[in-house]
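To start, the structure itself, in structure tokens.
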Amino acid sequence: MTTNTQRLGSGLALPLASLRQIAFLVEKDLRIESRSRQTLGLVTVLGVLIVTVLGLGLGAQNAMTAFSATAVLWVAYLFSGVLCFEKTMAVERNDAVLAALLMAPIDRGVIYLAKLASNLVLILAVAAIVTPVGVLFFGFDLTAAPVAFAVVMILSIVGFAAVGTLFSAMVSSSRLQGGLLAMMVFPITLPLVLVSTQLMLLTFRDHVAPGGTGLGVLIAFDLIFLTVSWLVFEWVLEP
Amino acid sequence: MTQVATHPVTQPKAEAIERGAVVKTVSLSKSIDGRAILCDLNVEIAAGGYVAILGGNGAGKSTLLRILSTLVPPSSGRIELFGDTATAASVDLRKRIGLIGHQVMLYRDLSARENLEFFAKLYGLKDPIARASRMLEMSGLSARAADPVRNFSRGMLQRVAIARALVHDPELLLADEPFTGLDAPSIASLEHLLAHLNDAGKTIVLVNHDIEQSLRLAERAIVLRGGRVAVDQSTTRLYAREVLSEVLS
Amino acid sequence: MCSTKTIFTRFYWLATFVLFGLAIATVCTYTPTEATMGPIQKIFYLHLPVAISTFLACLVCFIGSVGYAMKHDARWDRLAASAARVAVILCSVVLLTGMIWGRSAWGQWWTWSPRLTFSLVLWLLYVVYLMVRMSIESPQRRAVISAVYGIIAFLDVPLVYLSVRMLPDIHPGSVSLAPEMRLTLAAWFVPVLMLTAGLIATRYAIETQTDAQTPVDEAAAAAPGRFTWVGEVM
Amino acid sequence: MSSNGFVILAYALGLGLLWGYAVMLFFAGRSIGRREQCDGGKS
């Protein structure tokens, strides 16, 4: 908790070196991911599976309203996202490389931002696959305001990834596996799910562009939890 | 009981010794979950030294090594590396430490070359690609540099791990039970490599459970028992039987 | 050998009990039934004080978590744990009374109204806190993870409150209280707050005693002897 | 059930839960206390 707080005092200008380090780390994560192709494949199939099951469950005959569309997509994102966080952090754990990573002369906040970036790349890739599938299968008519949908969803996913990455580091660096990560992440991200579904309702049903408190909550969520996770990550990572 | 051969003091090693203490612990204690693992340790290791840390299981030797590597903070007291106090934040101190363990700490899906290049870049070396390939040649792995590390034998994995630990040319090398799980030829080549590195002026701290081997390799042995230093002597006058009795009693 | 401490605690609990009796008496006899909502509104005098106490217990848990984050002292961690347990109990009462109120006023046990949803999410957040504590063995590791979760959960509460207000709300706005009603509310606030403080303190004392008595488990403590820097993953 | 019935149910459940927990803590505290005394002699 020490170094990050002092640096926060001296302004948040990430020096160029950290950006380069983040690039190395993210490149490594994505290379491992492309090599094993496990996470992306597994997670995407899970996403599509959830959309299908929920879609059928909610009655695929009548066209999906945008409200239930967002809800179905959210459930898919949440579950595949948690699996994705667990897997990207498991890479450091299975190969026991975390110690070598911590020995490197890089700041632990950088490790957090790099893991966050890797998780974001993966989960946005999954979202990019699952959303069209949802639209295709159930005729979610996102065409009315695709930009609003994209903005709200991306903002929410960033917040979700910020918390998910931090918790996956905590859970992965101790024996408890299984559903605990999901159990920890879901209640915390409920505001995101609530707000994004409500905003989508407003946008698609009442044709009101997302704004006001809704967007404010999303942005506040992202800012608060990015900062707190970045500060706390170093302390949590300590074996 | 083989008697330890005297250690020829090579020229670079002599230079290293002038640099004074590399590692110093000042009333260092560590307790984990309420149990005292290390109690008030005051150990000093000079540059160029080759020290073996011995002790029974749970005597705290691995914990001590982790604290020296700045990855785990002490509960009380402090450690001084290369002369100034080291905390988890001292990034440039960590640059001068290399770390080997019985876990290879490599990405199994990446190839040996990719692993070394990654760590070289992480350490901010000027020419990471060249440095990585030179380390591969030195450890005789160029032939299989492109294969993913998961297909390597235990001996080759350890060689890549050592290459990773030395890629940034550290002055202090921390080795925690590096011989675990190695076959005879790999053990011999690792012993030779460590001796060679020590002659090249690197300080080596070796945590080992094989007393016989440690006395043969290291110049000085520190035996930990109950978190305290039971024996701290040069290995020339120490006999395995004595140390064994210290460790087990 | 009654030390002053035990005398004080006995007196404290007696006073709390008496004040509760007094509060029950006032709500039964003295407070007028509210005009628009009828007698069901009388649940309010228990519902609101317990809701406020729940929030205060969550705040104490947050303070304990931040305290542990700063000081790494097991006492802060015990405070956070005790406060979280009490918060869950209190929140259960809030949920129960809210649901009963909803059932009597609108006919269904559960409506996704902002207040009820907020209590539910708060309840979930701190039940998960207790589940996290239960699923980690090593006390030090458990304290670290609980502290981080405690901080994140509490920071999430205002966001939940804001996002929940976007839900369609059939709950009436806060109704204006006659002076007698305000008096009853005060009569309820004092004992409920005292009870909350008492519960947290007692739970804290129990945890201090149990920690002092647990013989340190040799095996668990010896585990880190092996070189497993990625926590106790082995 | 009349609304008065619901009020009584709410208070009964609420106070029951709160004071039930208090009593539970009281007994838990005492049992630990006694264990403290009985093995106090040993340590």
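Each chain gets a letter, A, B and so on, in the order its sequence line appears, and its residues count up from 1.
Of the listed residues C:Val50, C:Leu195, C:Thr97, C:Leu96, the one with more heavy-atom pairs under 4.5 angstrom with chain D than any other is C:Leu195. Of all the listed residues (C:Thr16, C:Thr202, C:Ile89), the one sharing the greatest number of non-hydrogen pairs under 4.5 Å with chain D is C:Ile89. Top candidate by heavy-atom pairs under 4.5 Å with chain D, chosen from C:Pro39, C:Gly198, C:Cys28, is C:Pro39. For the set D:Leu18, D:Asn4, D:Ile8, the count of heavy-atom pairs under 4.5 angstrom toward chain C peaks at D:Leu18.
Of the two parts of C:Val94, neither the backbone nor the side chain holds a non-hydrogen atom closer than 4.5 Å to a non-hydrogen atom of chain D. Residue D:Leu13 touches chain C through its side chain alone, counting heavy-atom pairs closer than 4.5 Å.
Looking at C:Ser92 and C:Trp123, their side chains do bring a donor and an acceptor atom within 3.5 Å of each other.
Ring-plane geometry between C:Trp110 and C:Trp112 is classed as perpendicular, the angle between the planes exceeding 60 degrees on a 0 to 90 degree scale with a lower cut at 30. Using cut-offs of 30° and 60° for the angle between ring planes, the C:Phe55 and C:Phe154 rings count as tilted. Ring planes of C:Trp188 and D:Tyr11: tilted class, angle from 30 to 60°. The aromatic rings of D:Trp19 and C:Phe20 stand perpendicular to each other, their planes meeting at an angle above 60°, with 30° marking the opposite boundary.
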